[in-house]
Amino acid sequence: MRDSFQLYRRLLAYIKPYWRVSALSILAMMAVAASTPLLTHQLQPLLDESLIAKNREAILWVPLTILLIACAKSFAEYVSSVSSQWVANKAIEDLRRLVFNHQMDLPVSTHQAQTTGRMLSRITYDIPQVGAALSTAWIVVIQDTLTILALLGYLFFKAWHLTLIIFAIGPAVAWIIRKASTGMRASNRTQQNHMGDMTCAVEEQLAGLREIKIFGTREHEATRFARIATRLRKETMRVVRISSANVPMVQVLAFGAVSVVIFAASRLAENSLLSPGEFVAFIATMAMIFEPIRRLTNINSTIQRGLAGAQSIFELLDLPAEADTGTQKIDRARGEIRFEHATFAYPGQETPAVNDLSLTIAPGETVAFVGASGSGKTTLMALVARFFELQSGRILIDGVALQDMSLASLREQLALVGQHAALFDDSVVNNIAYGRHGASQSDIETAAAQAHALEFINKLTQGFDTRIGTNGNQLSGGQRQRLAIARAFLKNAPILLLDEATSALDNESERVVREALVELRRDRTVLVVAHRLTTIRDANRIVVMERGRIVEIGNHEELLAANGAYARLLASGEDIVEDSGIAPLSALQAFNETMARG
Ligand code: ADP
Ligand code: MG
């Protein structure tokens, strides 16, 4: 109960900025509440004056009054509905933005600890639930409570002793509501988790469509999905059963009360304590009370769902964002990178992925990292970008420890070309200028040319303005990489992190991508996770990694001569590929340089 109260309070904070409109909606709700007993009250003059006493004036003004009150009530209902929905939707919009933005501020490790499905369903499923609790439920709770109070006031004023009977059933109703709500909230949370599983399954289906077809796992996936769907249905039905049961139970109690009151009121009428009009108005007013009571008990499930949604949203919003306490800023780094006993283990892992690693990389140097899969190369790159926090040791750029540098300043120094460049559903131009909005068209074209992307961009139907589809799936692997390279050219950062594709590219794409990379590497510090012999031979130094540690450093010839880990790696032929029939990079570089000199 105290939990719920705190959740409410926190949710109300999101409504607070819109208190003016909220106040308007409450005013309108008060008008609705007041007009309800006013309407039923009209039955009294209708019977007593118009029908029994045949008062000619009353025959005219009673229906007129009814019409006026009904108009006022309807108008107030309209205002209360629109204004409270307006407030709720404003709050939903704010929450959506907050969640979306906070997800970007979370550390990469937090993202890895959560399933994508659960993350997605927060915005698509949880937030609408909160919205329903804030709009529909808000109207029902406030308006119906006020209406019940107004009706009760009227009843009490007319015949307080009869009204006491209604109070007698109050505690019973409250008990039923409480009973139902405890089970309901737990059920709703389970339901939200199933929903996350479902979103996740659909995501995997879409991403792995080709694998599913080739590996013939359609049946397997179908069964898995069916199981999730069944679980979701069962949990949904549990909520339905609980919430459906409490409505009839309240109704039985209510009509029991009406019967008792009718009996008692008839006795009062016999003794002429109530006129026929008063009697009818009383019963009618009393009958009006049960609909709002029913709605109130029913709305509980909506509120519980909203609270469960709110809880899960607040859980996410309460996850700490990336620590960004460093204050030092670098304009443009020279590009010296120093690892000092850097150690990092993924959460829940005992052996560190990077283990007591020390290395100094000079400005402008290209260092190739090689090693078997799982030796920690990708992790090392991620550590330079501070996607993860070191457990011990330090990494310094130009002598400044990463922790002392503001995240924005650190990441400004870095360009990243990965194996799977994330592209956005936008034009080619905007994908290249990603992160540098406002770059001039000529800068963008230069970057595209440097990345050897011009020829294929010009062949697209609308050139630079072609939209490339969600995650760029209308482009080939080589084209996507060249866009990523163009992006890096445009960013022109002093440090380049390069995760070389293993073998995804055909020979021709590979050649162009490689040429583009040669240019990109010029005048920068480059850390490259290398798989191609040409890239490796081209580096100033080669760092051989094993289980998170450096086991050898040197150039190709030195390492070959040493006949150690590097030689074994080459011999195994698994993690390093030779490019066939392509001129060695050094030759290409020489050619390029000659061309540059004219
Ligand atoms: P490489 O890039 O050299 O193949 P990685 O840096 O990807 O190696 O991985 C190094 C080690 O860390 C491996 O043992 C791998 O299993 C582990 N690892 C990588 N990513 C994660 C993760 N997100 N959670 C837990 N362990 C991970
Ligand atoms: Mg890797």
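One-based numbering, in listed order, for ligands and for the atoms of each.
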Short N-O contact, Arg224 and Glu221, less than 4.0 angstrom: yes
In terms of side-chain geometry, is the basic nitrogen of Arg549 or Glu546 positioned less than 4.0 Å from the acidic oxygen of its partner? no
Looking only at protein heavy atoms, which one is nearest to [atom], and what is the separation?
| atom | answer |
| --- | --- |
| atom 7 (O) of ligand 1 | Thr378 CB, 3.8 Å |
| atom 22 (C) of ligand 1 | Tyr346 CD2, 3.5 Å |
| atom 8 (O) of ligand 1 | Gly376 N, 3.2 Å |
| atom 6 (O) of ligand 1 | Thr379 OG1, 2.4 Å |
| atom 23 (N) of ligand 1 | Gln112 OE1, 2.9 Å |

Any Ser373 heavy atom less than 4.0 Å from ligand 1: yes
Any nitrogen or oxygen of Gly374 lying under 3.5 Å from a nitrogen or oxygen in ligand 1? Just yes or no. yes
So does Leu209 have more than 12 non-hydrogen atoms from other groups sitting under 6.0 Å from CG? yes
Side chain to side chain, Asn555 and Arg537, heavy atoms closer than 4.5 Å: no
Applying a heavy-atom cut-off of 4.0 Å, say which part of Lys377 lies close to ligand 1: side chain, backbone, both or neither. both
Between Gln349 and ligand 1, which part of the residue brings a heavy atom under 4.0 Å of the ligand: side chain, backbone, both or neither? side chain
Numbered atoms and elements of ligand 1 in range of Ser375, under 4.0 angstrom, heavy atoms: 1 (P), 3 (O), 8 (O)
Per-atom filter on ligand 1: closer than 4.0 angstrom to a heavy atom of Ala353 are 10 (C), 11 (C), 12 (O)
Quick one: does NZ or CZ of Arg10 land under 6.0 Å from the six-membered ring centre of Phe314, within 45 degrees of the ring axis? yes
Correct closest heavy-atom pair for Ala372 and Leu569 would be N-CD1, 4.0 Å
Search all heavy atoms of Gly309 against all heavy atoms of Val130 and return the closest pair with its distance. C-CG2, 3.7 Å
For the residue pair Ser312 / Asp126, report whether a side-chain donor-acceptor contact shorter than 3.5 Å exists. yes
Looking at the Mg ion (ligand 2), is one of the N, O or S atoms of Thr379 less than 2.8 Å from it? no
Counting only non-hydrogen atoms of the protein, does one fall under 4.0 Å from atom 15 (C) of ligand 1? no
Kindly indicate, with the supporting measurements, whether the criterion side chain to side chain contact (heavy atoms under 4.5 Å, CB included) is fulfilled by Asp465 and Val428. CA-CA 6 Å; Asp465 295 321; Val428 170; over 6 Å; no
